Protein chains: 2
Amino acid sequence: MTAGLRRARSEEQKQARRQQILQAAEHYVTEVGYEAFSMAKLAQYSGVVKGTLYLYFNTREEVFLTLYNRSLQRWGERFTQCLVQGMSDYDYVKLLYQTASADGLFIPLLVRLEHVIEHNVAMDSLVASKRQFINQINNIANQSAPILGLNLHQAVEVVKTMGVLLVGAIRVDQGPTWRWRQENLPADVRALLDSFSSERLFIKNACRIIKGIRTND
Amino acid sequence: MTAGLRRARSEEQKQARRQQILQAAEHYVTEVGYEAFSMAKLAQYSGVVKGTLYLYFNTREEVFLTLYNRSLQRWGERFTQCLVQGMSDYDYVKLLYQTASADGLFIPLLVRLEHVIEHNVAMDSLVASKRQFINQINNIANQSAPILGLNLHQAVEVVKTMGVLLVGAIRVDQGPTWRWRQENLPADVRALLDSFSSERLFIKNACRIIKGIRTND
DNA sequence: TTACTTAATGACCAAAAGTCATTTAATAAC
DNA sequence: GTTATTAAATGACTTTTGGTCATTAAGTAA
């Protein structure tokens, strides 16, 4: 148990404990990755016992969903802060890619969102998460529209599509093959992986798509 | 145990047993989905006992990797068979989308390939799988090039990029929110999901990308 | 000081992946 | 036809995990 706070009674104290757990979860998952993450260890990292975790989160996946929500927020703020008038499409998508990759949690969680995390989550949490997503999309689109020279509707389409492309493109980096690149992978397989460099793949096609949207294809 | 074959001695018999397990796994996973799949139940469905499964597959994930390999092959054959001279880009990508969705296993397994399945698989199996993937890509690109009016290099890029886009676009359909659409989802969240209709999303952007590749953007 | 509420605990359960000594079909040797 | 040999098949076992819940005790109010 934490030295200062032994038992959370008020709503603020409960929120503090929740944040304490999330903080620990963030460090822990960053350290060991998604697959090795266990609730027992998270309890240790948080300075509480396993049962306590379930007073603050219904399931393991709800912890991850919360971390995803936070990382989306964090990335959105960072990305929009870096937007500048007069950027080319290329600059825009490169910034998007690089800010997203720079966040250690956003991509790994985004990539697992629908097939893994959203299972085993209460509908309330899911709806709340989707609403936050809508807000983020709209916010980013609002700030992107003047920069890309698009109307709001087009900008919303761009932002949504960028998300789709990002997940698809970045997939390969998430597999174990990527980590084995240095080792004894056969040349043909290594060449395959190289041809799937996610940054190149994303940027190139993102530009094509923005161009298509701008010309109303 | 199977009535006819009690013990597999020859190499052919072992292959037959392996196929028997894979056949059962295919039905089973189609029925209950990826998340609910367990090795104990697979043993029941296969008519063997759990330990026997591990004589034919090193891990649960290796079963899935094999199923993925099969489904890729199956889809590739089906798709290329349906290709016809004179197709528009739109016809091409629509056929691609629809044949891929029609296969009950291909998409669910593809979507989990890197982040879930490829973990916990022996490197041999992984290399073999990647090699089969390379062959499929090249085969499909070969047959697509004349239809799309592209050279081989461009066609390879198209096929690879279609895969990337497909995974990204189809993601949303894999979440549980999709199944709840009929129910008591709030209107705003439902509208969000509708705006992410994977078929529209895929087809539209696939056309944009092919156009970009054709004009060497 | 006492009574009360409920956050925190940790022993517990169920499910699931994977292991391995033992059993026993199938074949070979005689 | 009988016996010896091989290794496929078995199922009891271990380990690890997510999740539960009766019990304990910290904090508050009477």
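Note that these values count all heavy atoms, side chains included, but never hydrogens, waters or copies made by symmetry. Everything numeric in this text was worked out from a predicted model, so none of it was measured. Note on naming: letters A, B, ... go to the chains in the order of the sequence lines (proteins, then strands), and numbering restarts at 1 for each one.
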Rounded interatomic separation in angstrom, taking [atom1] from [X] and [atom2] from [N]:
| X | N | atom1 | atom2 | value |
| --- | --- | --- | --- | --- |
| A:L53 | C:dA8 | CG | C1' | 11 Å |
| B:R6 | D:dT10 | CZ | C1' | 13 Å |
| B:L55 | C:dG18 | CG | P | 14 Å |
| A:Q13 | D:dA26 | CD | C1' | 11 Å |
| B:Y54 | D:dT14 | OH | P | 17 Å |
| A:E35 | D:dT16 | CD | C1' | 16 Å |
| B:R9 | D:dT6 | CZ | P | 10 Å |
| B:R18 | D:dA8 | CZ | P | 14 Å |

Check: Counting just side-chain N and O atoms, does B:Y56 come under 4.0 Å of either OP1 or OP2 of D:dA9?
Finding: yes
Next item on the list: Report yes if at least one side-chain N or O of B:N120 is closer than 4.0 Å to OP1 or OP2 of C:dG18; otherwise report no.
Entry: yes
With a 3.5 Å cut-off and no angle check, do the side chains of [X] and [Y] form a donor-acceptor pair?
| X | Y | result |
| --- | --- | --- |
| A:Y45 | A:E31 | yes |
| B:E11 | B:Q15 | no |
| B:N120 | B:T59 | no |

Margin query: Regarding B:E118 and A:R171, does a basic nitrogen lie under 4.0 Å from an acidic carboxylate oxygen?
Written below: no
Item checked: Per A:V49 side chain, nearest of listed nucleotides C:dT24, C:dA17, C:dT9 -> C:dT9
Check: What's the closest nucleotide to the B:R7 side chain, out of C:dA26, C:dG18, D:dT17?
Finding: C:dA26
Next item on the list: Find which nucleotide of DNA chain D each of A:N58 and B:K50 is nearest to by heavy atoms, and output the residue with the more 5' nucleotide.
Entry: B:K50
Next item on the list: Determine the contact category for B:T52: base if any of its heavy atoms lies under 4.0 Å from a base atom, sugar-phosphate if only primed atoms, P, OP1 or OP2 are that close, otherwise nothing.
Entry: base
Notebook entry, point to check: Going by the angle between their ring planes, with limits at 30° and 60°, are B:F106 and B:Y68 parallel, tilted or perpendicular?
Noted result: parallel
